[in-house]
Novice: 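Here it is, the structure, as C-alpha cells.
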Amino acid sequence: MILPTITIYRGLPGSGKSTAAERAGHEIILEADQFFVVDGEYRHDPQKQRDAQDYCLAMARFWLYRGRDIAVANTFVRQSDIDDYIWIARKYGATVKVVKCSGDYGSIHGVPDSKIARMRLMWERVRIPPDVDGEEHGRA
C-alpha cells in the first residue's frame, strides 16, 4: 500500500505558495482562501477566517483519509498553524513535506502591506519533527 503525501507550502502573502504547488504538479491543492470563493468571485470576510482555516483542515482530512496526495498552501505563520496538519498526516499514515516560500510577488488578494509586515514580525520558525521532510530558515 502506498501512503499519501501532504506537502505544506508556507510563506507570507505573495510569496509564491500557490504557484509553487501548481508548478509541482499537485492534483489537489487546498487553501483557506478557497472558502471565500463564491460563484467564482473571491469575497474575503475577516470575521470568517477561522471558518476558512477549519474548512481547509477538514478538506485535508477528507483527502488523506481517502489516501490521496495533497498540497496545502497557507501562510502557516505560527507553529500551531502547522501542528494540526502534521497530526492529521500521522493519523492517516501520510508522509509530510514542508516547503517555505519566500518570494515577493505581491498579494493577489490585496493583503495590505501593513498586515504582511505584522505577519512577518509574528513569523515563527517551525520545529520540524525528524519524520517530516523540509527545512526552515528562520524569519520570513
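Position 1 is the first residue of the sequence; numbering continues from there.
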Novice: Side-chain contact test, heavy atoms from C-beta onward, threshold under 4.5 Å: evaluate it for Gln53 versus Asn74 and give yes or no.
Specialist: yes
Novice: When rounded to the nearest 0.5 angstrom, what distance separates CE in Met59 from CG in Asp54?
Specialist: 13.5 Å
Novice: Nearest 0.5 Å, please: how far is CZ in Arg118 from CG in Leu12?
Specialist: 12.5 Å
Novice: Calculate, to the nearest 0.5 Å, the distance between atoms CZ and CG belonging to Arg78 and Asp83 respectively.
Specialist: 12.5 Å
Novice: For the hydrophobic clusters of this structure (ILVMFWY residues joined by side-chain heavy atoms under 4.5 Å, transitively), does one cluster hold both Tyr42 and Ile29?
Specialist: no
Novice: Nearest 0.5 Å please: distance from the CZ atom of Arg50 over to the CZ atom of Phe35.
Specialist: 11.5 Å
Novice: Both conditions, 6.0 Å and 45 degrees, for the charged tip of Arg66 above the ring of Phe62: are they met here?
Specialist: yes
Novice: Determine, using the 4.5 Å side-chain heavy-atom cutoff (strictly less than), whether Trp87 and Val72 are members of one ILVMFWY cluster.
Specialist: yes
Novice: For Ala71 and Ala21, which heavy atoms make the closest approach, and how far apart are they?
Specialist: CB-CB, 4.2 Å
Novice: Report yes if some heavy atom in the side chain of Phe76 is under 4.5 Å from a heavy atom in the side chain of Val98; otherwise report no.
Specialist: no
Novice: Which atom pair, heavy atoms only, marks the closest approach of Ile82 to Arg10?
Specialist: CD1-CD, 4.4 Å
Novice: Can you tell me how far apart CD1 (Ile8) and CD1 (Ile86) are? Round to the nearest 0.5 Å.
Specialist: 5.5 Å
Novice: Sort out for me which residue in Ile70, Ile6, Leu57 forms a side chain to side chain contact (heavy atoms under 4.5 Å, CB included) with Leu30.
Specialist: Ile70
Novice: Considering only residues two or more places apart or on different chains, which pairs with a residue in residues 19-32 satisfy side chain to side chain donor-acceptor pair (under 3.5 Å)?
Specialist: Tyr9-His26, Ser18-Glu31, Glu27-Arg68
Novice: Can you see which heavy atom on Val99 is nearest to which on Thr7, and at what distance?
Specialist: CG2-CG2, 4.0 Å
Novice: Is any side-chain heavy atom of Tyr92 closer than 4.5 Å to a side-chain heavy atom of Arg61?
Specialist: yes
Novice: Measure across Cys56 and Ala32 and return the closest heavy-atom pair with its distance rounded to 0.1 Å.
Specialist: SG-N, 3.7 Å
Novice: For a 4.5 angstrom cut-off between non-hydrogen side-chain atoms, does Ile88 reach Leu64?
Specialist: yes
